[in-house]
Amino acid sequence: MTQEKYNIKECEKKWRARWDEAKCFEVTEDPSKEKYYVLAMLPYPSGRIHVGHVRNYTLSDVVARYKKAQGFNVLNPMGWDALGLPAENAAMERGTHPADWTYSNIEEMKRQLKAMGLAIDWSREVASCDPEYYKHEQKMFLDFYEKGLAYRKESVVNWDPVDNTVLANEQVVDGKGWRTGAPVERRTLSQWFLKITHYADDLLEALKDLPRWPEKVRIMQENWIGKSQGLQFKWDVIPQNGTRISNRSEAEAGNAEIEVFTTRPDTLFGASFIALAPDHPMAKKLAEGKDGFNEFLKQCQSVGTSEEAIAQAEKIGFDTGYKATHPLLPGQEFPIYIANFILMDYGTGAIFGVPGHDQRDFDFAKKYGLPIKEVISSGNSSIENEAYTGPGKLVNSQWLDGREIEDAKAEVIKRCENIGNGFGTTQYRLRDWGISRQRYWGCPIPMVHCDKCGVVPVPEDQLPIELPMDINYDEPGNPLARHPTWKNTKCPKCGEKATRETDTCDTFFESNWYFLRYLDPCNEQRGFDKDKAAYWMPVDQYIGGIEHAVLHLLYARFCTRALADCGWLDVKEPFTGLFTQGMVTHETYQDEKGHWVTPAEYEALKDKSKIKVGPTIKMSKSKKNVIDPEDILGTYGADAARLFILSDSPPERDLQWTESGIEGAWKYINKLHRMIMEQKDNLPAPGAPNPSKFSENASKLRSATHKAIAGVAKSIESFAMNKAVAQIRELSNAIQSFKPADDADRWVQREAFETLIKLFGPMMPHLAEELWAALGHKTLLAQSPWPEVDESLLANDTVTIGVQVNGKMRAQITLAPDAAEDTAREAALAQDNVQKAMDGKEIRKFIYVPGKIVNVVAN
RNA sequence: GCGGCUGUGGUGAAAUUGGUAGACACGCCAGAUUUAGGUUCUGGUGCUUUCGGGCGUGGGGGUUCAAGUCCCUCCAGCCGCACCA
């Protein structure tokens with residue numbers, strides 16, 4: 001028998017055109033409706049969409065369409081994170097202009113995304129490389145500068161020698177550039193910084209108010225911010241000749257004190273040495289010219305660059321010969337070392353070593369023969385072989401003896417404060433965000449350098465500072481800096497000749513606020529209107545990859561706070577809900593020679609026996625285990641791709657892309673189409689009155705239908721899309737096995753069909769529209785509400801429960817859900833298997849949980 | 001080293017507050033349709049068995065009438081951070 005086949009390509013195209021005509025997904029602020037802001041992380045326009053994009057945007061689309069059906073005013077926008085290095089690399093390789101490359105990529109990717117049938121308000125599309133976009137970013141920077149949230153300082157920076165630019169701390173992974181993988185070098189440069197540390201505590205504390213964020217991401221941010229509380233105080237340096245450093249030699253030495261930070265002030269009496277970071281300013285002063293110092297410094301630098309290598313490296317130190325004292329430890333002198341395990345970046349770059357209770361100090365003390373004192377004891381703890389860091393009470397500590405650790409900490413801080421040397425303080429691991437990049441394809445930093453006036457901000461009315469279009473990549477380095485005229489300008493203050501800042505912003509700046517630009521994308525005067533932000537913000541559901549757990553998500557949280565402080569909006573926490581999707585993985589294939597083979601090549605092979613099938617791993621170009629979404633959309637259509645992505649694997653977990661999986665989805669789509677097309681002409685008209693009397697089978701189907709409504713809604717809301725798909729398939733199975741006998745049955749069949757269509761609408765929107773129309777509806781399903789649940793149909797008349805004897809399942813009985821215990825007992829004991837298992841033994845206990853279980857305890 | 005997550009059939013996975021483990025699929029087996037393959041439809045499919053049963057959620061132990069779920073302990077894999085004082 002020939003079937004009327006579902007013409008996927010034409011139907012999908014048709015419905016996308018209909019949605020466009022009806023402007024289905026274009027929204028405006030509507031105070032009468034509750035808003036819902038769905039945000040998917042915006043793509044970088046690399047040229048082609050990849051399967052990760054398809055997963056991301058399918059998820060956001062299901063949420064958007066579902067919430068819209070629920071009656072929310074849903075904003076679901078899309079844009080392009082369009083500044084960045086790949087454009088420049090492409091420009092160098094192909095001789096095109098980064099702008100041309102970027103805009104043609106955007107066009108291509110937009111076409112691909114549109115083929116997915118996403119419920120996006122494209123009228124709000126933004127591209128961050130548009131001067132109309134970065135103009136507002138420049139204004140933002142000026143406001144930050146005004147508020148002291150942007151500043152310039154000379155600092156040691158991470159230099160990526162391949163990309164020829166600076167990297168933020170967050171962009172250095174294992175001592176290597178996050179993009180290039182090249183070992184980063186240390187350079188001293190004058191750089192622009194954003195004062196993210198100003199918000200360190202708020203960024204940390206507010207994580208507690210983000211219950212709809214994954215725990216994992218909150219922990220990662222918490223660790224990144226790295227708050228620790230302790231005492232900062234000073235030790236006096238004694239010169240080698242035994243007398244205190246005089247004022248004159250103090251001036252020579254620069255300082256006669258060493259300031260340290262500790263989280264364990266309680267262990268003060270366990271101190272046995274002072275240690276400075278090799279790049280500590282005092283280190284040079286105390287050790288310069290001494291025998292072996294230069295060799296020591298060299299040794300410090302020879303350690304590998306990876307974090308792990310640094311952490312595992314042997315602890316080495318250099319004895320300066322100087323000693324230090326502290327007023328709370330009268331009569332004691334402590335040697336001052338320079339040690340490779342002390343970081344200049346953290347705390348004060350100096351510590352006092354307590355070998356008994358810090359493993360690093362312990363290792364160091366062992367090596368250099370320094371005293372190891374026990375000052376904390378739990379009674380059975382020991383510092384014989386390793387440092388003791390557990391709980392206990394203070395010992396060998398004079399006026400602290402017997403105290404609890406926390407108590408002792410407070411006491412030492414108090415005494416230091418009393419003698420005017422030191423204070424309780426908080427340290428953060430978080431550093432300010434260095435945003436200067438020595439690249440062309442970024443947002444120009446709107447600053448001018450004037451010989452007379454110094455650094456002068458560009459006046460707002462001169463914005464945007466646009467990138468020049470006539471650039472070349474004939475030589476390495478920043479094309480902006482060597483452009484013949486661009487940087488020449490006049491000082492806004494004195495009118496004399498001046499030079500523009502030629503550094504551009506880190507491209508993470510653009511993604512700091514794009515979700516705000518979506519709210520008001522055509523506003524020329526301001527980045528966005530405050531009232532619009534008041535309506536739409538915060539983002540209700542943000543969806544994207546885990547790789548942005550720290551970088552982007554922390555920067556965006558910072559930026560929203562900074563903007564709030566500059567009066568741009570009143571919300572300071574941008575994303576109330578966050579969902580991080582898993583990766584898309586695929587099997588790997590290698591031929592006899594070990595060359596990687598693509599899945600498409602593998603499928604096309606007649607003889608697959610010579611191919612070695614390797615592990616399923618994240619799709620990567622180098623392993624060639626990549627699926628091109630374009631092929632999938634072309635072959636199976638958008639709905640099949642979307643369905644497959646939502647089926648089986650929970651969205652937070654990795655998704656294994658398989659040929660059989662996508663085929664299965666495609667078959668199901670055809671099955672649904674066939675099922676409804678075969679029956680549609682037998683059904684009553686849309687909106688026919690409820691016959692109110694139903695056969696038993698029809699009642700069962702109604703019950704299944706309404707259970708599915710409640711079940712699918714719950715699953716979607718908890719991001720269990722795989723379960724939602726399973727519930728939809730369960731309903732369609734029930735419908736398929738239902739054989740209508742009369743008009744009432746056919747009414748029920750229509751109800752079930754229509755419900756089914758509405759339930760899979762968010763997932764397979766094209767098919768849903770097609771079938772919705774086939775059932776005689778003139779309206780768009782995309783504009784129809786979610787079906788209502790008839791609660792009375794959710795309860796079962798009877799329920800089948802298990803009967804256990806001594807905890808082992810022996811039989812099943814069917815009862816009313818609220819059947820009395822006597823009824824249950826009678827039914828249970830009437831079962832042959834139950835009698836057999838009881839083997840004539842006496843009933844000691846009879847447990848009956850209505851609707852759940854019977855357990856007969858007999859012995 | 002520290003922190004987190006995960007471990008359930010051949011595979012992806014389900015399983016309210018502890019209450020019939022394996023829903024829904026993929027694959028596989030058998031049958032029907034088809035010239036054949038594919039599609040489609042029907043049935044079966046945790047392992048094992050002497051067909052009575054027995055055993056099953058990474059291993060071991062515990063609590064309970066009852067444990068994938070709670071507690072203790074060990075193991076494996078993945079991810080993040082890593083000399084942070």
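Letters A, B, ... are given to chains in the order of the sequence lines, protein chains preceding strands, and every chain is numbered from 1.
No salt bridge links A:E222 with A:K227; every basic N to acidic carboxylate O contact stays at or beyond 4.0 Å.
Side-chain contact annotation: A:Y668 with A:S732, donor-acceptor N/O pair under 3.5 Å present.
When the nucleotides B:rG27, B:rG53, B:rA85 are ranked by their closest atom to the side chain of A:K836, B:rG53 comes out on top. For A:F341, counting side-chain heavy atoms from C-beta on, the closest listed nucleotide (B:rC26, B:rG53, B:rC83) is B:rC83.
Annotation: side-chain contact (heavy atoms from CB on, under 4.5 Å) contacts of A:A795 (sequence neighbours excluded): none. Under the side-chain contact (heavy atoms from CB on, under 4.5 Å) criterion, A:Q736 pairs with A:K671, A:M675, not counting sequence neighbours.
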Just list the side-chain donor-acceptor pairs under 3.5 Å for residues 579-588 of chain A, sequence neighbours left out, or say none.
| residue | atom | partner | partner atom | Å |
| --- | --- | --- | --- | --- |
| A:Q581 | OE1 | A:N56 | N | 3.3 |
| A:T585 | OG1 | A:L655 | O | 3.2 |
| A:E587 | OE1 | A:Y589 | OH | 2.8 |
| A:T588 | OG1 | A:P615 | O | 2.9 |

Quick tally for nucleotides 6-18 of chain B: nucleotides whose base has a protein heavy atom under 4.0 Å get B, sugar-phosphate-only ones S, the rest -, giving ------BSSSBB-
In B/S/- notation (B base, S sugar-phosphate only, - none; protein heavy atoms under 4.0 Å), nucleotides 63-71 of chain B written 5' to 3' is --BS-----
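Residues in residues 353-364 of chain A take part in these salt bridge (Lys or Arg N to Asp or Glu O under 4.0 Å) pairs, two or more places apart or across chains: A:D358-A:R360.
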In sequence, state the C-alpha distance, the side-chain angles, and the governing distance for A:Y428 and A:S228, and then conclude on side-chain hydrogen bond (donor to acceptor under 3.5 Å, both in side chains).
CA-CA 6 Å; A:Y428 297 92; A:S228 47; over 6 Å; no
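Note on A:E222: nothing from the nucleic acid sits closer than 4.0 angstrom, heavy atoms only.
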